[in-house]
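Remarks on the structure that follows.
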Number of protein chains: 2
Amino acid sequence: MTLLENARNGIITDEMKQVAIAEGVTEEFIRQGIAKGEIVLLGSKHHKDVRPVAVGTGLSTKVSASVGIHDKDDSIAGEIDKIMAAIEAGTDALMDLSVSGDIDGMRKEALAATTKPIGTLPLYQALADAKQKRGSSLKMTVDDLFEVIEKHAAEGIDFLALHCGTTMDIVARAKREGRIDPLVSFGGAHLIGWMIHNEAENPLYENFDRLLEIARKYDVVLSFADGMRPGCLADSLDGAQVHELVILGELVTRARNAGVQVMVKGPGHVPIDEIETTVKLQKSLCKGAPYFVFGPLVTDSAVGFDHISAAIGGAISAFAGAEFLCYVTPAEHVGLPNKKQVYDGVIASRIAAHAADVAKGIEKAIQWDLEMSQARRNLDWEKQMELSIDPETARRMWKERSDDFSSECTMCGKYCAMKIVSQFLNKEKATA
Amino acid sequence: MTLLENARNGIITDEMKQVAIAEGVTEEFIRQGIAKGEIVLLGSKHHKDVRPVAVGTGLSTKVSASVGIHDKDDSIAGEIDKIMAAIEAGTDALMDLSVSGDIDGMRKEALAATTKPIGTLPLYQALADAKQKRGSSLKMTVDDLFEVIEKHAAEGIDFLALHCGTTMDIVARAKREGRIDPLVSFGGAHLIGWMIHNEAENPLYENFDRLLEIARKYDVVLSFADGMRPGCLADSLDGAQVHELVILGELVTRARNAGVQVMVKGPGHVPIDEIETTVKLQKSLCKGAPYFVFGPLVTDSAVGFDHISAAIGGAISAFAGAEFLCYVTPAEHVGLPNKKQVYDGVIASRIAAHAADVAKGIEKAIQWDLEMSQARRNLDWEKQMELSIDPETARRMWKERSDDFSSECTMCGKYCAMKIVSQFLNKEKATA
């Protein structure tokens with residue numbers, strides 16, 4: 001039985017117990033959420049030593065960081081370094097999105113390097129393999145693709161990103177609609193390229209049952225990727241994007257019926273006024289499946305600072321109901337991120353996730369901020385540093401400002417608003 | 001006649017014409033907005049060479065950066081450097097919040113250094129002067145305070161921040177309510193300290209007509225500061241904050257009746273789920289007066305990254321109706337910002353302001369993002385760099401990734417989704 005089937009049958013597994021403790025919720029809450037498909041549990045039994053992570057309704061918002069080998073300048077060691085930076089910054093999950101080089105080696109080292117759940121996008125490797133084996137990625141066969149999918153699942157990848165809903169019908173719609181930026185999903189664009197060249201329907205859609213068999217066999221979570229992800233604010237919520245989401249909603253039901261856990265990937269670029277609609281639409285069409293959003297970016301123009309743009313979009317999305325934030329780094333739109341940019345991207349996403357959690361009523365998040373506020377009132381600097389989202393950075397910045405530990409707030413220089421008030425409030429008490 | 005009276009009398013002044021051009025709206029739109037009090041025009045006729053800036057309903061969201069001498073480690077030259085960094089980063093306005101040292105010299109150099117509107121918080125200087133003249137800031141007299149206010153107005157300060165609504169009644173309420181962080185407004189806390197020590201009502205409230213006379217005489221904009229600004233999420237929208245806002249609403253009407261332009265300062269720390277309520281409440285109680293929010297921060301725990309927390313809060317606030325964002329730097333809660341942190345704070349606020357403007361339907365903002373999206377589709381890198389919110393940073397980051405100009409997107413390494421799609425879409429067209 002798969003985890004989803006266990007949950008439906010009232011069985012609480014060890015993984016469910018583990019995540020219940022991590023989340024501070026009851027095991028039954030986790031079981032019910034998984035049974036309904038509103039929570040997915042990332043943590044394949046084939047991934048050695050993985051610490052499972054739950055994503056979904058009623059739980060804290062999670063963050064994922066993507067790395068991967070893109071060209072000859074990248075190395076496995078360099079990407080593992082980035083994984084370590086992302087973990088240090090507090091990421092909940094990772095994606096290995098390698099598209100070339102030693103893809104197998106990279107995946108194996110990533111799986112061995114961390115106990116965090118790891119996702120992949122198998123199409124990338126299938127395309128790269130076809131290029132090598134058959135001279136062109138356009139010559140990839142359907143079997144090639146499914147063999148790679150099965151290999152990733154068997155090796156213990158915890159979630160598989162697959163563009164299952166990007167059908168020919170939708171590609172035609174995107175073309176008719178005259179999008180500003182027609183296709184910005186990297187995998188989606190390659191898949192569509194393959195489809196058009198081979199005059200074939202999307203193999204992941206046509207052979208969806210074959211995919212479900214693999215997902216069932218290895219009990220791996222499917223992450224439906226959005227080939228029609230809007231690449232600019234102007235294209236947000238257009239017919240192509242929404243049509244694909246309708247199809248993904250159907251596939252969610254088919255996956256659940258097969259006992260397979262599923263989440264849905266989302267945009268991208270969304271103006272602030274369309275974020276709530278985007279999330280609520282996904283929740284409705286995809287029957288409450290967890291929503292894994294990429295940012296979203298709330299402006300097209302924050303080049304060099306897209307982690308901030310994504311933090312705005314991520315916070316609003318998570319407050320509206322998205323449960324999983326794919327980070328965006330400052331290097332988005334200019335290049336691949338270096339280690340520091342990976343770190344900064346994770347921190348920005350974590351701020352967004354945490355701010356949304358406080359607003360959504362996640363008890364642990366509220367308690368955290370309350371403790372920080374009390375430490376601030378008490379001028380307890382050590383506690384403030386400890387409770388900071390990134391204690392190391394906070395401490396370094398604080399040290400730069402103050403030579404040694406001081407009970408005086410450095411913000412106001414020689415004046416201290418807190419002290420004066422506290423003194424006067426006490427005085428008032430004494431004379432009252 | 002003051003600018004507000006001119007607007008009411010149907011007169012379009014040169015300043016109104018200037019800001020109408022800058023905003024891309026009609027002169028009549030500006031005049032009507034000022035007449036209703038929904039737009040304030042920052043730009044004192046006593047501030048030589050100032051380029052007026054309009055803030056309010058229907059206009060692009062503006063950003064302000066604060067600098068100032070706080071202790072002996074600060075210098076006028078150092079603070080002017082920060083002003084230059086803020087301007088380089090694109091701030092719309094500045095505040096000189098000096099609390100010690102050569103406050104007069106700092107203000108004069110700031111006024112001379114830039115054509116941007118500048119605000120001050122005169123109470124700081126009145127307190128510092130009293131300490132020097134009378135041995136303690138608690139010995140400040142009401143005349144001391146008003147003399148400083150008039151000096152700032154006469155010298156050409158464009159907007160004066162004053163805690164006019166922080167009455168004894170409200171201080172008592174804050175105490176009864178048991179706030180987590182009772183008072184975090186620096187000026188507010190000092191004013192309340194003075195009030196309690198001298199057993200006197202708030203002199204700015206008691207002598208509000210005297211304040212209006214000065215504001216009228218120099219036609220300076222009043223910025224009502226919030227002494228009850230919540231200092232943590234848990235204190236947001238409590239009785240003390242809302243009671244003060246009720247009083248500020250009354251004072252808005254009195255100021256308008258006296259022909260004085262006014263805006264209202266706001267929080268601070270606000271959980272995401274309370275931002276819209278906070279803004280709508282201000283709009284209602286303060287009869288549409290522009291709302292100048294400080295952040296707001298959406299978590300208490302993003303120490304070292306509060307500019308990101310503030311960008312989230314600022315974007316949501318501006319989308320909900322706030323028109324003016326006071327920046328927050330990464331150094332907030334640990335110390336005074338250095339030049340780089342001033343720069344980063346302004347950029348983060350500008351991203352928030354711009355993202356909100358796109359969502360609010362500000363035509364120039366929408367057009368900007370559309371052009372960027374078109375440049376991206378056309379792989380026009382030069383144009384993308386030029387259209388970035390901070391072209392210099394974008395260009396530097398881009399150059400680090402690519403050795404020379406290239407039509408190939410560096411994001412995807414040797415694959416290029418855009419090219420493949422474009423090629424296939426053209427092919428489809430040819431065979432169709």
Side-chain angles (χ1 to χ4, degrees), chain A residues 70-71 99 175 180-183 186 189 193 196 232-234 271-273 298-305 308-309 311-312 315 319 331 334-335 347-348 351 354-356 358-359 368-370 372-374 376-377 387-390 393-394 397-398 401 410 412-415 417 420-421 424 428, chain B residues 70-71 99 180-183 186 189 193 196 232-234 271-273 298-305 308-309 311-312 315 319 331 334-335 347-348 351 354-356 358-359 368-370 372-374 376-377 387-390 393-394 397-398 401 410 412-415 417 420-421 424-425 428:
Chain A
H70 280 247
D71 59 33
V99 299
K175 197 179 171 191
I180 303 295
D181 290 328
L183 285 176
F186 185 55
I196 295 171
C232 66
L233 300 191
I272 291 175
D273 58 313
V298 291
T299 159
D300 301 309
S301 304
V303 182
F305 300 88
I308 295 178
S309 176
I312 297 170
F319 178 57
V334 282
I347 295 286
I351 291 170
H354 173 59
V358 173
W368 175 8
D369 273 25
L370 194 59
M372 174 62 95
S373 306
Q374 285 159 341
R376 211 161 260 158
R377 179 191 57 203
L387 286 168
S388 296
I389 196 147
D390 176 6
T393 299
M397 211 177 274
W398 174 49
R401 294 291 178 284
T410 56
C412 305
K414 67 177 173 178
Y415 290 88
I420 289 174
V421 165
F424 278 109
E428 198 194 35
Chain B
H70 280 246
D71 58 34
V99 300
I180 303 295
D181 290 328
L183 286 175
F186 185 53
I196 295 171
C232 66
L233 300 191
I272 291 175
D273 58 313
V298 291
T299 159
D300 301 310
S301 304
V303 182
F305 300 89
I308 295 178
S309 174
I312 297 170
F319 178 58
V334 283
I347 294 286
I351 291 169
H354 173 59
V358 173
W368 176 7
D369 273 23
L370 193 60
M372 173 62 94
S373 306
Q374 285 159 343
R376 212 161 261 158
R377 179 193 55 203
L387 287 168
S388 296
I389 195 148
D390 176 6
T393 299
M397 212 177 273
W398 174 50
R401 293 291 177 286
T410 57
C412 304
K414 66 176 173 176
Y415 291 87
I420 289 174
V421 166
F424 278 109
L425 286 183
E428 197 191 37

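Convention: sequence-line order gives letters A, B, ...; per-chain numbering from 1.
- Your options are Asp369(B), Val358(B), Asp273(B), and the one with the most heavy-atom pairs under 4.5 Å with chain A is Asp369(B).
- Of the options Ile180(B), Leu233(B), Asp300(B), a side chain to side chain contact (heavy atoms under 4.5 Å, CB included) to Leu370(A) is made by Ile180(B) and by none of the others.
- Using a 4.5 Å cut-off between heavy atoms, Ala311(A) touches chain B through backbone and side chain atoms alike.
- Within the 4.5 angstrom heavy-atom criterion, atoms from both the backbone and the side chain of Ser301(A) approach chain B.
- Listed options Gly304(A), Ala356(A), Ala359(A) were ranked by heavy-atom pairs under 4.5 angstrom with chain B; first place goes to Ala359(A).
- Between chain A and the options Ala348(B), Ser373(B), Cys232(B), the largest number of non-hydrogen pairs under 4.5 Å is found for Ser373(B).
- Screening Ile347(B), Ile351(B), Ile312(B) for a side chain to side chain contact (heavy atoms under 4.5 Å, CB included) with Ile308(A), the sole residue that qualifies is Ile351(B).
- Here Ala315(A) is the residue among Ala315(A), Ala234(A), Pro271(A) with the most heavy-atom pairs under 4.5 Å with chain B.
- In this structure the side chain of Pro182(B) reaches within 4.5 angstrom of the side chain of Arg377(A), judged on heavy atoms.
- Atom OG1 of Thr299(B) sits about 6.5 Å away from atom CH2 of Trp368(A), to the nearest 0.5 Å.
- Counting only heavy atoms from C-beta outward, the side chains of Val303(A) and Met372(B) approach each other to under 4.5 Å.
- Only the side chain of Phe319(B) comes within contact range of chain A, judged by heavy atoms closer than 4.5 Å.
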